[in-house]
A.B. asks: 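Below: one structure in structure tokens.
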Amino acid sequence: MMFGDNNTYSKTLMNNRGSIVLGKLTFGKLILLVLISLVLCASSILSVLAPLPIAMAFLLFGTKLTLVASGVVTVGILILTTASAGLSLYVDYAWMMVAMAIIGYGVSSIITRDENPVNGLLVRVAIVASFFIGSTIYMDTYSSNPLKKQIEQRLVLEAENVKNSKEYKTIKETGGEQERVLDNFITNAKDLAGQAYEFVYFIIFIGAFLLIWLPLRMLLRFREVWSQNYTFSYSNLEFRKFKTPDYLVYVFILGLALFILGDLISPVLPVIGKNLSLMMAVVYFFQGMGLYLDFLTSARIGGILRLVLTLLTVIYAYNVVAIFGVVDNWVNFRKYFKKEDN
């Protein structure tokens with residue numbers, strides 16, 4: 001089903017006589033889900049969950065009504081920011097709303113089209129990341145204020161604010177490691193901006209990955225909410241079987257080659273190679289984590305110990321996990337694990 005128009009909302013509004021009655025899924029609740037998505041956009045940490053409410057809206061209310069609600073909220077923001085000069089700074093939230101609607105639809109379409117969630121995740125991450133990376137490259141090429149300059153201006157301004165703050169003066173008097181860190185930031189703000197810019201495409205990729213992966217996992221976790229509307233053949237267990245397409249290994253190798261040898265051709269190529277390698281490392285980290293969790297299951301390790309081991313592995317051995325994810329393409333580690341029934 002291309003658009004997922006299993007419109008529960010319209011069904012609950014019609015009684016046997018064909019007249020409109022107040023159902024459980026009201027348009028007000030739909031608007032609330034869209035507004036929750038907008039509020040999450042404004043939260044630095046919780047923003048990765050912003051597509052979740054609107055993706056749930058697509059599943060519960062259907063594509064057309066959810067797009068209408070998203071359009072109403074977007075137009076409302078544009079009207080408010082145009083009518084009041086004090087609110088003009090918030091016009092970006094209108095475009096955030098559009099972006100969340102597109103991403104939310106992309107996430108929900110994995111369920112409505114009954115796709116393998118891992119394959120659906122990789123395809124949509126590639127599309128979203130390519131769009132934003134392409135937009136960034138375009139703006140850097142043709143904009144009078146390229147992204148690198150914007151990052152530099154932001155960090156220089158932040159360094160100036162730190163330098164003039166009362167807290168910095170207090171730290172300056174007491175000295176210590178914190179003073180050295182802040183002094184390094186104030187003195188080298190421009191250099192730090194250049195270093196941050198080198199990772200900008202990787203940061204975009206990470207953002208795209210989390211914006212799709214986390215809401216998808218949450219939707220599958222709470223499938224009882226939408227399961228009456230759609231039949232989905234997969235579960236969250238598919239992420240434990242996370243297996244990347246074989247050709248991505250060559251993309252990873254290409255990234256490493258550009259990072260190591262690209263400087264012989266162009267100074268830009270090592271930066272591209274570094275970002276490409278890190279992007280693939282994230283993908284293989286998830287494949288490696290699936291292996292690790294299957295290993296813990298085969299070793300009959302569960303409960304609090306499993307949770308602690310998983311957290312320690314993610315924090316201290318993420319690079320090793322990614323390496324196992326890469327090597328698994330040739331070795332297939334799972335064949336060495338004990339079966340649960342044994």
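Computed over heavy atoms, backbone and side chain alike; hydrogens, waters and symmetry mates excluded. Residue numbers start at 1 and run along the sequence shown.
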A.B. asks: Examine Phe58 together with Tyr105 and report whether their ring centres are nearer than 6.0 Å.
C.D. replies: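 Centroid separation for Phe58 and Tyr105: below 6.0 Å.
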A.B. asks: Looking only at heavy atoms, which two atoms of Glu115 and Gly120 are closest? And how far apart?
C.D. replies: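 Of all heavy-atom pairs spanning Glu115 and Gly120, the closest is OE1-CA, 3.6 Å.
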A.B. asks: Would you find a donor on one side and an acceptor on the other, under 3.5 Å apart, between the side chain of Thr81 and the backbone of Tyr90?
C.D. replies: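 Not a single qualifying donor-acceptor pair exists.
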A.B. asks: So for atom CZ, which belongs to Arg217, do other residues, nucleotides or ligands contribute more than 12 heavy atoms lying within a distance under 6.0 Å?
C.D. replies: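 Count over threshold, so yes.
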A.B. asks: Below 4.5 Å, heavy atoms only, C-beta onward: do Phe232 and Trp226 meet side chain to side chain?
C.D. replies: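 Counting from C-beta outward, Phe232 and Trp226 do come under 4.5 Å.
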A.B. asks: State which residues pass side chain to side chain contact (heavy atoms under 4.5 Å, CB included) with Val39; sequence neighbours excluded, sorted by chain then number.
C.D. replies: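 Scan of Val39 (side chain to side chain contact (heavy atoms under 4.5 Å, CB included), adjacent residues dropped) gives none.
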A.B. asks: With a 3.5 Å distance limit and no angle check, can you tell me whether Ser37 reaches the backbone of Pro53 through a side-chain donor-acceptor pair?
C.D. replies: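 No.
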A.B. asks: Could you tell me which non-hydrogen atom of Ala55 sits nearest to which non-hydrogen atom of Gly104, and how far apart they are?
C.D. replies: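 Answer, listing the atom of Ala55 first, then Gly104: CB-O, 3.5 Å.
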A.B. asks: Show me the donor-acceptor pairs, under 3.5 Å and distance only, between side chains in residues 196-216 and residues at least two apart or in other chains.
C.D. replies:
unit_1, atom_1, unit_2, atom_2, d
Tyr197, OH, Asp140, OD2, 2.3
Glu198, OE1, Lys274, NZ, 3.0

A.B. asks: For Asn329 and Lys243, test the side chains for any donor-to-acceptor distance below 3.5 angstrom and give the result as yes or no.
C.D. replies: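 Checked: Asn329/Lys243 side chains pair up, N/O donor to acceptor below 3.5 Å.
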A.B. asks: With a 4.0 Å cut-off, would you call Glu177 and Arg180 a salt bridge?
C.D. replies: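 Yes.
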A.B. asks: Indicate whether any N or O donor in one side chain lies under 3.5 Å from an N or O acceptor in the other, for Ser109 and Arg124.
C.D. replies: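 There is such a pair between these side chains.
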A.B. asks: Taking ring-ring contact (aromatic ring centres under 6.0 Å, His included) as the definition, give me every residue that meets it alongside Phe242, ordered by chain and number, with sequence neighbours left out.
C.D. replies: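 Phe242 satisfies ring-ring contact (aromatic ring centres under 6.0 Å, His included) with no residue once adjacent residues are dropped.
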A.B. asks: Taking the hydrophobic residues Ile, Leu, Val, Met, Phe, Trp and Tyr, and joining any pair whose side-chain heavy atoms are under 4.5 Å apart, which ones share a cluster with Leu78?
C.D. replies: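 Members besides Leu78, by chain and number: Val91, Trp95, Val98, Ile102.
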A.B. asks: Could you list the residues that satisfy side chain to side chain donor-acceptor pair (under 3.5 Å) with Arg223, not counting sequence neighbours?
C.D. replies: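 Listed in chain order: nothing, the list is empty.
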A.B. asks: With sequence neighbours left out, what residues match Ser130 under side chain to side chain contact (heavy atoms under 4.5 Å, CB included)?
C.D. replies: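 Side chain to side chain contact (heavy atoms under 4.5 Å, CB included) check on Ser130 returns nothing, list empty.
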A.B. asks: Are Trp330 and Phe295 connected in a single hydrophobic cluster, I mean Ile/Leu/Val/Met/Phe/Trp/Tyr linked by side-chain heavy atoms less than 4.5 Å apart?
C.D. replies: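 Yes, Phe295 connects to Trp330 through the hydrophobic network.
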A.B. asks: So Leu256 and Met280, do their side chains get closer than 4.5 Å, heavy atoms only?
C.D. replies: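 SC-SC contact between Met280 and Leu256 ruled out.
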A.B. asks: Could you list who else is in Ile127's hydrophobic cluster, with ILVMFWY side chains joined at under 4.5 Å, directly or through other members?
C.D. replies: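 Grouped by the 4.5 Å side-chain rule, Val123 form the rest of the cluster around Ile127.
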A.B. asks: What do the steps show when you test Arg334 against Ser298 for side chain to side chain donor-acceptor pair (under 3.5 Å), and what is the final call?
C.D. replies: CA-CA 10 Å; Arg334 284 185 175 86; Ser298 69; over 6 Å; no
A.B. asks: If you count every heavy atom of other residues, nucleotides or ligands that lies below 6.0 Å from Phe333 atom CZ, does the total exceed 12?
C.D. replies: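 Check passes, neighbour count above 12.
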A.B. asks: Could you list who else is in Met139's hydrophobic cluster, with ILVMFWY side chains joined at under 4.5 Å, directly or through other members?
C.D. replies: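 Joined to Met139, directly or through intermediates: none.
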A.B. asks: Does Gln178, at its CD atom, have more than 12 non-hydrogen atoms belonging to other residues, nucleotides or ligands within less than 6.0 Å?
C.D. replies: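 For Gln178, atom CD is not crowded (no more than 12 foreign heavy atoms under 6.0 Å).
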A.B. asks: Side chain to side chain contact (heavy atoms under 4.5 Å, CB included) with Phe324: which of Asp328, Val320, Val327?
C.D. replies: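 When Asp328, Val320, Val327 are each tested with Phe324, the side chain to side chain contact (heavy atoms under 4.5 Å, CB included) holds only for Val320.
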A.B. asks: ring-ring contact (aromatic ring centres under 6.0 Å, His included) with Tyr292: which residues, sequence neighbours excluded?
C.D. replies: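 For Tyr292, no residue satisfies ring-ring contact (aromatic ring centres under 6.0 Å, His included) once neighbours in sequence are set aside.
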A.B. asks: Applying ring-ring contact (aromatic ring centres under 6.0 Å, His included), name anything that partners Tyr284, two or more places apart in sequence or on another chain.
C.D. replies: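 For Tyr284 the ring-ring contact (aromatic ring centres under 6.0 Å, His included) partners, ignoring immediate neighbours, are Phe252.
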A.B. asks: Clusters formed by hydrophobic residues whose side-chain heavy atoms approach within less than 4.5 Å: which one holds Leu157, and what are its other members?
C.D. replies: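 Answer for Leu157: none, a lone residue.
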A.B. asks: By ring-ring contact (aromatic ring centres under 6.0 Å, His included), which residues pair with Tyr316, not counting sequence neighbours?
C.D. replies: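 Expected list: none.
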A.B. asks: Within the 4.5 Å heavy-atom criterion, are Met289 and Thr310 side-chain neighbours or not?
C.D. replies: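 Counting from C-beta outward, Met289 and Thr310 do come under 4.5 Å.
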A.B. asks: CZ of Phe259: more than 12 outside heavy atoms within 6.0 angstrom?
C.D. replies: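 No, CZ of Phe259 has 12 or fewer neighbouring heavy atoms, counting only those of other groups under 6.0 Å.
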